[in-house]
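Everything quoted here is computed from the prediction, not taken from an experiment. Every chain is numbered from 1 and lettered A, B, ... according to where its sequence line falls, protein lines coming before strand lines.
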Number of protein chains: 2
Amino acid sequence: MKMGEGVEWTLHCAALLAALPEGAVLPARALAEFHDVSESYLLKQLKGLTAAGLFVSTSGPKGGYRLARDPAQISLLELVLAVEGDQPAFRCAEIRRCGPLVSPTTVYSPLCPIHAAMQQAERAWRASLADISLADIFERVGDSIPSDVGARGKIWIQEHVRS
Amino acid sequence: MKMGEGVEWTLHCAALLAALPEGAVLPARALAEFHDVSESYLLKQLKGLTAAGLFVSTSGPKGGYRLARDPAQISLLELVLAVEGDQPAFRCAEIRRCGPLVSPTTVYSPLCPIHAAMQQAERAWRASLADISLADIFERVGDSIPSDVGARGKIWIQEHVRS
DNA sequence: GGAGTGATACTCGGATATCTGGTGTCCGAGTTTTCGCGG
DNA sequence: CCGCGAAAACTCGGACACCAGATATCCGAGTATCACTCC
């Protein structure tokens, strides 16, 4: 029940891309440098996000990554699932149907009660993340950082952005 | 974001122990045989549950495991956390404080907005699990299995239970 | 016959291998830029 | 001076090592039982 480190990287990168003007891109090198993380490994994560249709990549010079949609139309859930995989965390192996006292002909309820409880919890988790858009995060991040850092951030973006 | 296979084993074993009369125990061998899983590995999980104070173990002949408390006083959350560890799934490395445009003196909000969003989702997940007691699960499992399997289950328990 | 004692059998607990998936890295495919050359 | 073309530089995409944690297992510590012996 431990999610990968790339999730944090992804969310921060997405928040940074949300600050870009329409159509502009940032290369992976800049994204990695901005957060001081491994560029090679970040590329692996970005690849998944591109495959999931959340990011759009452009090759060659002046290439880079940008958001595929408006930040308000991208939920945190989509980002997390794109990186971590959309399979549920709890895997039910139906061990209730194993053991000495079950016969192949016995009919069980369609859903194991334990499985149902875990699914319900995971639905609550997903609903909470689905309710927050990348635009919300971007706005909150803007409020959470000091004004001077925000100003320097805008300058940094202008220096590294490609169109 | 994938939880271990032992979680399912644990929850089913706990539901089985909830069916035992007061003070009775079941050895790990019986628990493993009932679900047709590896006894050795199940012991590892049970050890963690005993260390967490959810199960009570007894050594020697007529020894085994029993619940430490009334099933109504044990939540699914406690069981899951005892097996998977109580650390949150999302780990915030504070990478917002890394990178080229941050200075050691800058003051940030106490909680990273991204971290806060993930924490909120995880709180929802935990709240959902905390709201379900082992007694609830036991009752639902009893309703979900055919009557003949339930009857054979009672017989099987009487054959393997120790007091 | 009853009590004490030793051996025994059974249980859990901790230490030890193995293996899958996350972590980290590298090189190749593709595209735009740019420089040089010819008209 | 302008257009064309080839080379170069920069980007992402996929394939390849490495390592931590989950998975799986075994052997030792502890205890209740049981049988045997002695009173």
Side-chain angles (χ1 to χ4, degrees), chain A residues 1-10 13 17 24-33 36-66 68 80 82-85 87 89-91 93 95 160-163, chain B residues 1-10 13 17 23-33 35-66 68 80 82-85 87 89-91 93 95 160-163:
Chain A
M1 205 190 57
K2 186 186 63 174
M3 57 177 56
E5 203 167 11
V7 176
E8 186 184 5
W9 300 8
T10 290
C13 286
L17 291 181
V25 299
L26 268 182
R29 180 176 189 123
L31 290 171
E33 185 182 331
D36 193 22
V37 297
S38 161
E39 176 188 353
S40 304
Y41 189 35
L42 182 62
L43 271 168
K44 194 184 189 69
Q45 315 291 349
L46 295 173
K47 182 182 75 171
L49 290 162
T50 304
L54 295 173
F55 288 5
V56 174
S57 65
T58 314
S59 290
K62 306 290 179 182
Y65 290 94
R66 65 176 174 86
V80 172
V83 177
E84 286 289 309
Q87 295 179 358
F90 179 81
R91 296 162 293 170
I95 64 173
H160 292 78
V161 74
R162 316 284 177 84
S163 56
Chain B
M1 204 190 57
K2 186 184 63 174
M3 58 177 55
E5 202 167 12
V7 176
E8 186 183 6
W9 300 8
T10 290
C13 286
L17 291 181
V25 299
L26 269 182
R29 179 174 189 124
L31 289 170
E33 185 182 332
H35 299 105
D36 193 22
V37 298
S38 161
E39 176 189 353
S40 303
Y41 190 37
L42 182 61
L43 271 168
K44 193 183 190 68
Q45 314 291 349
L46 295 174
K47 182 181 75 171
L49 290 163
T50 304
L54 296 173
F55 287 6
V56 173
S57 65
T58 312
S59 290
K62 305 290 179 182
Y65 290 94
R66 65 175 175 85
V80 173
V83 178
E84 286 289 309
Q87 296 179 358
F90 179 81
R91 296 162 293 170
I95 64 173
H160 292 77
V161 74
R162 317 283 177 84
S163 58

Q.
How many whole angstroms separate atom CG of Leu49(A) from atom C1' of dC12(D)?
A. 14 Å
Q. Quick one: side chain to side chain donor-acceptor pair (under 3.5 Å) partners of Glu84(A), sequence neighbours excluded?
A. none
Q. Atom CG of Asp36(B) and atom P of dA24(D): how far apart are they, to the nearest Å?
A. 13 Å
Which atom pairs, donor and acceptor, lie under 3.5 Å between side-chain atoms of residues 43-65 of chain B and protein residues at least two apart or in another chain?
| from | atom 1 | to | atom 2 | distance (Å) |
| --- | --- | --- | --- | --- |
| Gln45(B) | NE2 | Tyr41(B) | OH | 3.1 |
| Thr50(B) | OG1 | Leu46(B) | O | 2.9 |

Q. Between the axis at one end of the helix from dG1(C)-dC39(D) to dG39(C)-dC1(D) and the axis at the other (five pairs apiece), what's the angle to 10 degrees?
A. 0°
Q. Taking all atoms of both residues into account, what is the closest heavy-atom pair of Ala24(A) and Val161(A), and its distance?
A. CB-CG2, 3.4 Å
Q: Give a yes or no answer on whether the side chain of Arg91(A) reaches the backbone of Glu8(B) with a donor-acceptor pair at less than 3.5 Å.
A: no
(Q) Measure NE2/His160(B) against P/dT11(C) and give the value in whole Å, please. (A) 11 Å
Q | Contact residues, residues 57-65 of chain A to DNA chain C [heavy atom, < 4.0 Å] | A | Gly60(A), Pro61(A)
Q. Between CZ of Arg29(B) and OG of Ser40(B), what distance do you get to the nearest 0.5 Å?
A. 10.5 Å
Q) Is there a side-chain contact between Leu31(A) and Leu17(A), using heavy atoms and a 4.5 Å cut-off? A) yes
Q | Under 4.0 Å protein heavy-atom contacts per nucleotide of nucleotides 17-28 of chain C, with B for base, S for backbone only and - for none | A | ----S-BBB---
**Q.** Approximate separation, where rounding is to 0.5 Å, of Glu5(A) CD and Ile95(B) CD1
**A.** 8.5 Å
Q. Side chains of Val25(A) and Ser163(A): does their closest heavy-atom pair fall under 4.5 Å?
A. no
Q | Under the side-chain contact (heavy atoms from CB on, under 4.5 Å) test, residues paired with Ala30(A) that sit two or more places apart | A | Leu26(A), Pro27(A), Trp156(A), His160(A)
Q) Just how far, in rounded Å, is C1' of dC26(D) from NZ of Lys47(B)? A) 13 Å
(Q) With a cut-off of less than 4.0 Å, is there a side-chain N or O of Arg162(B) near OP1 or OP2 of dT11(C)? (A) yes
Q) Distance from Met1(A) atom CE to Gln87(B) atom CD, nearest 0.5 Å? A) 9.0 Å
